[in-house]
J.: 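Could you have a look at this structure, given as structure tokens, before my questions?
Just the heavy atoms: all of them, side chains too, but no hydrogens, waters or symmetry mates, feed the values below. When a ligand or atom number is given, it counts from 1 through the structure's own listing order.
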Amino acid sequence: MTTNVTHLECSQCGTRFEAGLAHNLCTACNSPLLVRYDLDRVRESWSRDSLATASSNMWRYAPVLPVADPAHVVTLGEGWTPMLRTPNLAKRLGASNLWVKDEGLNPTGSFKARGLACAISMCRELGITSVAIPSAGNAGGACATYAAAAGIESHVFMPRDVPHSNFVECCAVGAKVTLVDGLISDCGRIVAERKAAEGWFEISTLKEPYRIEGKKTMGYEVAEQFGWDLPDAILYPAGGGVGLIGMWKAFDELEAMGWLISGSKRPKMIAVQAEGCQPVVEAWKAGKDRVEFFKNAATVASGLRVPKPLGDALMIRAMRETGGTAIGISDADMLDGALECAQTEGIFAAPEGGACVAAVRQLLASGYLKPEERIVIFNTGTGLKYMEAFSTRFARVAGAEADKLGGLITPR
Ligand SMILES: Cc1ncc(COP(=O)(O)O)c(C=O)c1O
Ligand SMILES: [Zn+2]
């Protein structure tokens with residue numbers, strides 16, 4: 001049993017909390033907690049070179065993850081996803097150094113696997129046997145999947161109109177699924193109201209401190225895959241913003257450990273949202289630190305349908321400290337972006353990833369991004385999970401009676 005965690009710390013008021021216990025938000029000010037490590041000790045006991053023989057998943061970074069006992073790790077091989085150089089797409093967009101970090105290859109088809117693998121592993125370590133999660137879709141699927149692998153009961157609350165794949169995957173792995181007439185914010189309210197009576201541990205975005213630790217491994221991977229010299233810009237499709245905050249935390253930790261090559265600058269952290277739900281873009285444009293609830297949120301990028309992210313202040317701080325920005329993309333442009341990525345590079349991106357493709361084009365046109373900069377797009381999920389959205393572009397018409405059952409001969 002070993003862990004380098006020293007304590008947890010409130011991201012807003014700095015109150016300290018003891019490690020090794022179940023936590024939700026800061027009890028003093030209701031803000032998200034961040035896990036803190038003894039990075040001096042980590043530096044002495046771990047080296048970049050040792051990664052050459054480390055496991056090919058996110059647990060290669062175990063010394064900066066919170067699970068103390070390796071026997072508690074629940075893994076399906078998440079993380080260590082490819083950083084794909086995309087010259088064809090780059091040429092079309094007018095960039096010369098473009099990569100796609102393809103998170104669609106994770107178990108459950110999205111980057112949510114990282115956060116939930118870590119959170120569920122910590123549930124196992126802390127003896128938690130029943131969890132509840134409000135989700136825009138992919139987090140619910142990942143939660144249900146890792147809970148199944150861990151033998152933990154899971155309760156998933158999702159909007160009724162989530163992609164069908166998200167609903168089916170939760171049911172398939174045995175979660176108790178509730179479809180809610182509303183958005184993730186309504187699902188969150190239901191979980192918060194019922195959790196005490198039901199005995200559920202709540203693992204809503206940033207309301208428990210370990211999902212972000214799993215997600216931060218994306219930042220470690222970007223650094224390692226770029227030879228510890230960070231790229232110039234990272235485009236991230238931000239809903240709750242956990243990945244963006246997590247990567248920013250990873251870069252802080254890497255800097256404190258002295259792992260980045262000298263002179264390596266922080267990438268511009270760019271939050272990409274959907275025009276139909278862009279609370280962070282609006283706050284950013286208004287120069288505010290906190291977002292307003294975004295009314296009537298609607299977008300095919302279901303993961304971006306988060307009208308009031310809890311991590312707004314942290315996201316905006318990360319963008320400000322790195323010279324980043326925020327941009328909203330229309331649904332049509334994000335589907336075009338995903339298909340452009342698919343057709344030029346063979347990477348069938350989720351609409352969320354497609355939004356980043358469109359954002360690169362727009363930010364190059366505005367002069368914010370420079371053609372020679374090293375740009376990384378996060379494709380956070382596979383397009384295969386979004387059949388309803390992409391079917392608007394590729395409607396299938398049954399040709400004949402025999403086609404209706406996939407070519408089987410039907411009784412006449
Ligand atoms: C495919 C996809 N991309 C991006 C996001 C947004 O993630 P985050 O909460 O880290 O901003 C989600 C969230 O559900 C998602 O499913
Ligand atoms: Zn606090």
J.: Can you tell me which residue and heavy atom of the protein come closest to atom 3 (N) of ligand 1, and the distance to 0.1 Å?
T.: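 Looking only at protein heavy atoms, the one closest to atom 3 (N) of ligand 1 is Thr380 OG1, 2.6 Å.
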
J.: Measure across Asp336 and Arg393 and return the closest heavy-atom pair with its distance rounded to 0.1 Å.
T.: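 Smallest interatomic distance, heavy atoms only, reads OD1-NH1, 2.7 Å.
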
J.: Can you name the atoms of ligand 1, numbered from 1 with element, that are less than 4.0 Å from a heavy atom of Gly243?
T.: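 It comes down to these atoms of ligand 1: 10 (O).
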
J.: Grab the two heavy atoms, one from Met158 and one from Val162, that are nearest each other, plus how far apart they are.
T.: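 It is CB-CG1, 3.8 Å.
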
J.: Counting from 1, what ligand 1 atoms have a heavy atom of Tyr386 closer than 4.0 Å?
T.: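 So the answer, numbered in order with elements, is 1 (C).
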
J.: Within the structure, is a non-hydrogen atom of Ala238 found at a distance of less than 4.0 Å from ligand 1?
T.: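 The answer is yes, since Ala238 has a heavy atom less than 4.0 Å from ligand 1.
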
J.: Could you establish whether Phe111 and ligand 1 come within less than 4.0 Å of each other, counting only heavy atoms on the residue side?
T.: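 Yes, that is the case, since the closest heavy atom of the residue is under 4.0 Å from the ligand.
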
J.: Can you sort out which atoms of ligand 1 are near Tyr236, meaning under 4.0 Å from one of its heavy atoms?
T.: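 Answer, ordered by atom number: 7 (O), 8 (P), 10 (O), 11 (O).
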
J.: If I compare all heavy atoms of Gly303 with all of Ala136, which pair ends up nearest, and what's the gap?
T.: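 Reported closest heavy-atom pair: CA-CB, 4.1 Å.
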
J.: Which ligand 1 atoms does Gly240 reach within 4.0 Å, using its non-hydrogen atoms?
T.: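 Checking each atom against Gly240, I get 8 (P), 9 (O), 11 (O).
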
J.: Using the rule side chain to side chain contact (heavy atoms under 4.5 Å, CB included), only one of Thr178, Ile184, Asp186 pairs with Phe157; which is it?
T.: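 So the option named by the test is Thr178.
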
J.: With under 30° as parallel and over 60° as perpendicular, where do the rings of Trp46 and Tyr220 fit, or are they tilted in between?
T.: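 Judged by the thresholds at 30° and 60°, the geometry between Trp46 and Tyr220 is tilted.
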
J.: Please confirm whether Lys215 comes under 4.0 Å of ligand 1, counting heavy atoms of the residue only.
T.: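 Under 4.0 Å: yes for Lys215.
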
J.: Return yes when Pro237 approaches ligand 1 closer than 4.0 angstrom through a heavy atom, no otherwise.
T.: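 Yes; Pro237 lies near enough to ligand 1 that a heavy-atom distance drops under 4.0 Å.
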
J.: How far apart are the closest heavy atoms of Arg114 and Thr217, and which atoms are they?
T.: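 Closest pair (atom of Arg114, atom of Thr217, distance): NH1-OG1, 2.9 Å.
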
J.: Have a look at Arg305, Glu103, Met218, Lys112 and point out the one with the heavy atom closest to atom 12 (C) of ligand 1.
T.: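 It is Lys112 whose heavy atom sits nearest to atom 12 (C) of ligand 1.
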
J.: Should you measure from each heavy atom of Asn138, which atoms of ligand 1 turn up under 4.0 Å away?
T.: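 Here the atoms of ligand 1 in question are 1 (C), 15 (C), 16 (O).
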
J.: If I take the Zn ion (ligand 2) as the centre, what angle separates the SG atom of Cys10 from the SG atom of Cys13? Nearest 10 degrees is fine.
T.: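 Nearest ten degrees: 110°.
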
J.: Under 3.5 Å, N or O to N or O, is Val242 touching ligand 1 that way?
T.: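 Right, the criterion is met.
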
J.: Can you name the atoms of ligand 1, numbered from 1 with element, that are less than 4.0 Å from a heavy atom of Gly239?
T.: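 In order of numbering, the contacting atoms are 6 (C), 8 (P), 11 (O).
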
J.: If we ignore angles and hydrogens, is there a donor and acceptor under 3.5 Å between the side chains of Glu78 and Trp59?
T.: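 The answer is yes; a qualifying pair exists.
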
J.: Gly241: heavy atom below 4.0 Å from ligand 1, yes or no?
T.: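 In this structure, Gly241 qualifies as a contact of ligand 1 - some heavy atom is under 4.0 Å.
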
J.: Answer yes or no for Arg60 and Trp80: cation-pi contact, defined as NZ/CZ to six-membered ring centre under 6.0 Å and angle to ring axis within 45°.
T.: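 Yes, Arg60 lies over the aromatic ring of Trp80.
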
J.: Any carboxylate oxygen within less than 4.0 angstrom of a Lys/Arg side-chain nitrogen, looking at Glu213 and Lys216?
T.: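 Judged by the 4.0 Å cut-off on N to carboxylate O distance, Glu213 and Lys216 do form a salt bridge.
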
J.: With a 4.0 Å cut-off, would you call Glu103 and Lys112 a salt bridge?
T.: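 Looking at Lys112 together with Glu103, the answer is no, because their closest N to O distance does not fall below 4.0 Å.
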
